[in-house]
Amino acid sequence: MLEIDNLKIEFLSHGRRVAPVDGVSFSLGRDETVGLLGESGCGKSVTALSILRLFPMASQARLSGAIRFDGRDLLQAEDEALRGIRGKEIAMIFQEPMTSLNPLHRIGEQLAEMLRIHTGLARQEIDARVLAMLERVGLARAAQLVDEYPHSLSGGMRQRVMIAMALLCKPKLLICDEPTTALDVTIQAQILDLMRDLKREQQTSILLITHDLGVVAEMCERVVVMYAGQVVEQSSVEDLFDRPAHPYT
Ligand SMILES: Nc1ncnc2c1ncn2[C@@H]1O[C@H](COP(=O)(O)OP(=O)(O)OP(=O)(O)O)[C@@H](O)[C@H]1O
Ligand SMILES: [Mg+2]
């Protein structure tokens, strides 16, 4: 489903080229959950962002290698084609919820917009799906919530709105960057259950970035360990816990 082949990411920083990711390769099968682990700053988030090319313009990111999704190289895809894939075929849950919520629009509008762009559904059906998904991620009073703005929600609520937005179009691939770190354990368990259901119902593949080894043990079949911009270990979850190979692991 996803094949990252010798990915290199370079940024222009103070007139100098820096490459926080250099030669990363790993793949993810259909219906598979793969954990991406590694110490802070090793390049997990930038690797995830490069799949959908979601870098700020100012960072002047230069990407090389290949990222094949269903056989097609996303690094070579036109912007237009990528817009059709973002949110619909590949959805992302970010480490920081405000990166994907627009502070100027009501919660309900933002979620409805996703379905308007990517489906031909009628207004009523869209509204019904938005409400159902907000309830599914454990947000009470969804009917009032749709009229509120992101700033009036707590961090945990915003995180769940973002998760609802990511799941709304039933993506083939879900990329989660520390999806539950900001949530209390009850809600965290609820969200992980929801992700597991989604995977069962529609064979969604999941790339899960986390520092939480409990979550890895519970959710993932395979694990990719990064260290200083490179992959240093890839194994099944069982082998990772029984026989870690790299010192960092
Ligand atoms: N836009 C950018 N311009 C320049 N350097 C960047 C940019 N974005 C990220 N970096 C650098 O890339 C490196 C990898 O960062 P990244 O956010 O991918 O780490 P991470 O593995 O996700 O860490 P954490 O576990 O703390 O989230 C860091 O050294 C970071 O400073
Ligand atoms: Mg990160």
Side-chain angles (χ1 to χ4, degrees), residues 2-28 33-67 74-75 79 82 86 90-101 155-156 158-160 162-163 165-166 173-183 188 191-192 195 206-220 222-235 237 240 244-249:
L2 182 76
E3 200 179 1
I4 298 186
D5 186 5
N6 201 19
L7 176 70
K8 181 170 182 180
I9 306 172
E10 291 174 286
F11 295 111
L12 198 58
S13 172
H14 302 103
R16 252 177 2 106
R17 290 235 151 245
V18 292
V21 167
D22 196 356
V24 161
S25 302
F26 64 90
S27 64
L28 193 102
T33 301
V34 170
L36 185 56
L37 305 179
E39 71 180 355
S40 195
C42 73
K44 303 180 299 295
S45 292
V46 290
T47 297
L49 289 170
S50 65
I51 296 170
L52 286 171
R53 273 195 258 142
L54 292 172
F55 294 108
M57 286 297 268
S59 68
Q60 298 189 43
R62 191 153 76 188
L63 305 174
S64 58
I67 299 181
L74 296 179
L75 290 187
D79 289 347
L82 212 55
R86 284 188 193 124
I90 304 178
M92 183 148 177
I93 296 170
F94 295 90
Q95 203 164 2
E96 166 48 56
M98 284 313 277
T99 40
S100 64
L101 295 178
R158 282 201 283 261
Q159 188 74 7
R160 278 180 281 165
M162 187 171 59
I163 291 165
M165 199 190 292
L173 169 63
L174 184 63
I175 303 167
C176 308
D177 196 350
E178 301 277 0
T180 55
T181 312
L183 304 176
Q188 177 172 343
I191 297 294
L192 294 177
M195 283 164 54
I206 303 175
L207 179 63
L208 182 61
I209 300 174
T210 178
H211 287 107
D212 187 330
L213 290 174
V215 170
V216 169
E218 227 181 287
M219 299 288 294
C220 302
R222 271 194 316 120
V223 184
V224 173
V225 183
M226 283 180 69
Y227 186 81
Q230 298 186 322
V231 172
V232 292
E233 179 165 4
Q234 292 200 51
S235 68
V237 169
L240 186 90
H246 189 266
Y248 172 74
T249 314

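Each residue takes its place number in the sequence, starting with 1. Just so you know, these numbers come straight off a predicted model, no measurement behind them. Both counts, for ligands and for their atoms, begin at 1 and track the order of listing.
Every side-chain hydrogen bond (donor to acceptor under 3.5 Å, both in side chains) that Ser45 has, sequence neighbours left out, goes to Gln95, Asp177.
Contact annotation for Pro20 and ligand 1: only side-chain heavy atoms (C-beta onward) come within less than 4.0 Å of the ligand. Under 4.0 Å from ligand 1, the heavy atoms of His211 that appear belong solely to its side chain.
Lys44 contributes a side-chain N or O that, together with a main-chain N or O of Gly38, makes up a donor-acceptor pair within less than 3.5 Å. Between the side chain of Thr47 and the backbone N or O of Gly43, at least one donor-acceptor pair lies under 3.5 Å. Checked by atom type and distance alone, the side chain of Glu39 never pairs as donor or acceptor with a backbone atom of Tyr227 at under 3.5 Å. Between the side chain of Gln60 and the main chain of Leu12, no donor-acceptor pair closer than 3.5 Å is present. For the pair Glu233 (side chain) and Ala245 (backbone), a donor-acceptor distance under 3.5 Å is present. A side-chain donor-acceptor contact under 3.5 Å links Gln234 to the backbone of Ser25.
Considering backbone and side-chain atoms alike, Ser13 places every N or O at 3.5 Å or more from each N or O of ligand 1.
Regarding atom 1 (N) of ligand 1, its nearest protein heavy-atom neighbour is Ser59 CB, 3.2 Å. Ranking protein heavy atoms by distance to atom 18 (O) of ligand 1, first place goes to Val46 N, 2.9 Å. The protein non-hydrogen atom at the shortest distance from atom 10 (N) of ligand 1 is Phe11 CE1, 3.8 Å. Protein heavy atom closest to atom 25 (O) of ligand 1, with residue, atom name and distance, is Lys44 NZ, 2.7 Å. Ranking protein heavy atoms by distance to atom 24 (P) of ligand 1, first place goes to Ser40 OG, 3.6 Å. Taking atom 27 (O) of ligand 1 as the reference point, the nearest protein heavy-atom neighbour is Gln95 NE2, 3.0 Å.
Residue pairs meeting the salt bridge (charged side-chain N to carboxylate O under 4.0 Å, His left out) criterion with at least one member in residues 51-61, sequence neighbours excluded: Arg53-Asp79. Screening residues 5-17 for salt bridge (charged side-chain N to carboxylate O under 4.0 Å, His left out) gives Asp5-Arg68, Glu10-Arg62 as the qualifying pairs, with residues at least two apart or on separate chains.
Taking a 4.0 Å cut-off on heavy atoms, Cys42 registers as neighbouring ligand 1. In this structure, Gly41 counts as a contact residue of ligand 1, since one of its heavy atoms falls inside 4.0 Å of the ligand.
The two residues Gln230 and Val24 come nearest to each other via the heavy atoms CA-CG2, 4.1 Å. For Leu82 against Leu52, the heavy-atom pair with the smallest separation is CD2-O, 3.7 Å.
Taking the six-membered ring where tryptophan is involved, the planes of Phe11 and Phe55 are perpendicular, since the angle between them exceeds 60° and thus also 30°.
Distance remark: protein heavy atom present below 4.0 angstrom from atom 6 (C) of ligand 1. For atom 31 (O) of ligand 1, the nearest protein heavy atom lies 4.0 Å away or farther.
Close approach of ligand 1 to Ser45 is summarised as follows: ligand atoms under 4.0 Å from at least one heavy atom of the residue are 17 (O), 18 (O), 20 (P), 22 (O), 27 (O).
Note: Ile51 CD1 to Leu7 CG = 8.5 Å, rounded to the nearest 0.5 Å.
Legend: protein N/O/S atoms lying under 2.8 Å from the Mg ion (ligand 2), waters omitted, number 2.
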